[in-house]
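Here is the naming used below: chain letters follow the sequence lines, and residue numbers restart at 1 for every chain.
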There are 2 protein chains.
Amino acid sequence: MTSQATIDKRLTGLDEILDKSAQLMARLGYHGTSMRDLAGVTGRSLSGLYHYFSDKEELLFLINQRGFTSLLAMANDLLGQNMTPAARLARLIENHVSYFIDHLSEMRIMTSGGMEMNDERSRILRELKQEYTNLARKIVGDYMRTESGTDYADNILSRKTFLLYGMMNWIFGWYSAEEHGTAQQVSEDIFRTFTKGCCATE
Amino acid sequence: MTSQATIDKRLTGLDEILDKSAQLMARLGYHGTSMRDLAGVTGRSLSGLYHYFSDKEELLFLINQRGFTSLLAMANDLLGQNMTPAARLARLIENHVSYFIDHLSEMRIMTSGGMEMNDERSRILRELKQEYTNLARKIVGDYMRTESGTDYADNILSRKTFLLYGMMNWIFGWYSAEEHGTAQQVSEDIFRTFTKGCCATE
DNA sequence: TAATTATCCGAACGACCGTTCGTTAATTTA
DNA sequence: TAAATTAACGAACGGTCGTTCGGATAATTA
C-alpha cells in the first residue's frame, strides 16, 4: 500500500509525464526546459500536456509534492515501529538514500529548491518539508540523547540534522553505482560517519 | 596577496557585475534570469553588459571560475604550511565554510553545477573542480591514515570526502547567522562531526 | 446506440528572449 | 590638444517562450 493520493484522482498518464519531465528538468533546469521539450520526451503534443496540469509551474509542484509525500510516508512508518533509536536512525538514512538513488532526477529537482511558486503551492511544499525535517530531527535527537545520556539544545540538534542531510542530499553530485557501491553501502557509510566519525570501522 | 589573475586584465566593473548577477541568479536560476534583469540590478543598459562578456554563458563561467580559483588558492596555501593533518583538515573546512558563508550566492551557483557550456569553458571548470577535489581528498586521506594507522582504498577516501563536502555544501539550504552561529562555530561542528561523530563534545 | 466525458492535437497569440548594430560620451594615451 | 581606446546606450533583429482556442478522436457511461 503506497500513498496513492496526491491531491485528486488524475493519475492515468501523469506519473509517466512527471518521471520523464523530471529527468529532463534535472539536466536542463526548470527554466531551461521548455514545454516543447517536455512534449517531445513525453511523446505528446504541446497543447496536449495542459490536460494534465494547468501550467508549467504546477508540473514542478507535482514533482515536488509526489517526492516529499513519499519520503514523509516512509519516515512516518518508521516512528510507528518498535526499534532502538540507533536502528531507527539507520533506517531513516537507508530509506532516504535508497529513495534518492532510485529517483535521482526528482531528488535533484526537489533539493534544488528555492523556486518561486504560487503562494498556495509553496505553502504546501513548505509544510511537507517542515514535517519531514521535524521527524528527522526527532529521530536524530532520540539517538543522540540515548547515546550520550545528555539533552541537546534545539539549535544544536537542528544543525546536526542539517549536516546529516547534507551528506545524504549531496549524493546527486557524485554518485555512480559501479564506483561507490549500492545504496546499502552508502547508507552504512553515512550512518557510521555520522555516529562515530570518518575513521570508524565498526 | 590574493589570486588577482583570472584570465586577463578586465576587472574594472566586472567584479561588481559578477556579484550582483550571482545574487539574482542564485534566486531565479541561470535560465530564469534574463539579460534585462541583469541590466536592471547592475544599473547598466542591456547592450552595455556585452562590453564585459561575450555572451550570457560566459558570465556564468566567470562566476564559477572566480569562485573555484579562490577556493583552490586557499587549499593550495594550506598544503604549503607546516601543520598536523588534523589541523590541516580543520583549516580546510574553516576556509571552505567561511568562503561559502561570505559568498552564499556564488556558491549556490557553483554547487548547482551540471550546467551545459562551451567545451573549452566546461573543461576549465572541470579541471578546477577536479584539482580542488584532489587536494581535499589528499587532506582527508592524510588525516585518516594518521589517525587510524591504516591505509584506505581510493574509493573509500573518495566517498568520505564527498560526505564531508555534502555537510559543507548543504549550508546554502539552511544557514542563517543568528540561528546557527558564526562560520567558525559551524566549521568546528562539521570538523567534530566528521572526525568523531555527532555526539562528540570534544 | 446515443450522450458524455476524457484525451489529444495544429495553429496561432502576445510577450519576452539573447544578441547585434550604429552611435555617442567619457576616459586614457601620445 | 589630438588620437585612440574604453564604456555605455537605444533600437531593433529573428527566434522561442508559455499559454489559449476550437475542434477532433477515443473511451466510458446511460
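- Regarding B/L59, its CG atom lies at a distance of 14 Å from the C1' atom of C/dT19, rounded to whole Å.
- Rounded to an integer number of Å, the gap from A/L46 CG to C/dT7 P is 18 Å.
- What separates CD of A/E58 from P of D/dG18 is a distance of 16 Å, to the nearest Å.
- Here B/T33 lies in heavy-atom contact (under 4.0 Å) with sugar-phosphate atoms only.
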Under the criterion salt bridge (Lys or Arg N to Asp or Glu O under 4.0 Å), I'd like the reasoning laid out for A/R91 against A/D77: C-alpha separation, chi angles, the key distance, then a yes or no. CA-CA 11 Å; A/R91 282 289 308 277; A/D77 276 4; over 6 Å; no

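- Closest to the A/Y52 side chain, of the nucleotides D/dC9, C/dT19, C/dC8, is C/dC8.
- In this structure, the NZ atom of A/K56 is 9 Å from the P atom of D/dC17, given to the nearest Å.
- B/L46 approaches B/Y50 most closely through the heavy-atom pair O-CD1, 3.6 Å.
- Put simply, CG on B/L14 is 10 Å from P on D/dA7, counting in whole angstrom units.
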Quick one: do A/D119 and A/R123 satisfy salt bridge (Lys or Arg N to Asp or Glu O under 4.0 Å)? Show the steps, please. CA-CA 6 Å; A/D119 283 351; A/R123 207 207 75 236; over 6 Å; no

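- When the side-chain nitrogen and oxygen atoms of A/S34 are compared with OP1 and OP2 of D/dC17, one or more of them lie within a distance under 4.0 Å.
- Checking the phosphate oxygens (OP1, OP2) of C/dC9, no side-chain nitrogen or oxygen of A/Y50 falls inside 4.0 Å.
- Here B/H51 does not reach the OP1 or OP2 of D/dA8: none of its side-chain N or O atoms lies under 4.0 Å away.
- Aromatic pair B/Y132/B/Y165: ring centres closer than 6.0 Å.
- Residue A/L49 contributes atom CG, which lies 12 Å from atom C1' of D/dG18 at whole-angstrom precision.
- The CE atom of B/M35 sits 20 Å away from the P atom of D/dG14 (whole-angstrom rounding).
- Rounded to whole Å, atom P of D/dG10 lies 13 Å from atom CZ of B/R36.
- Distance from the side chain of A/S47 is smallest for D/dC21 among the nucleotides D/dC21, D/dG18, D/dA8.
- Using modelled atom types, one finds no donor on one side chain facing an acceptor on the other under 3.5 Å when comparing B/D19 with B/H103.
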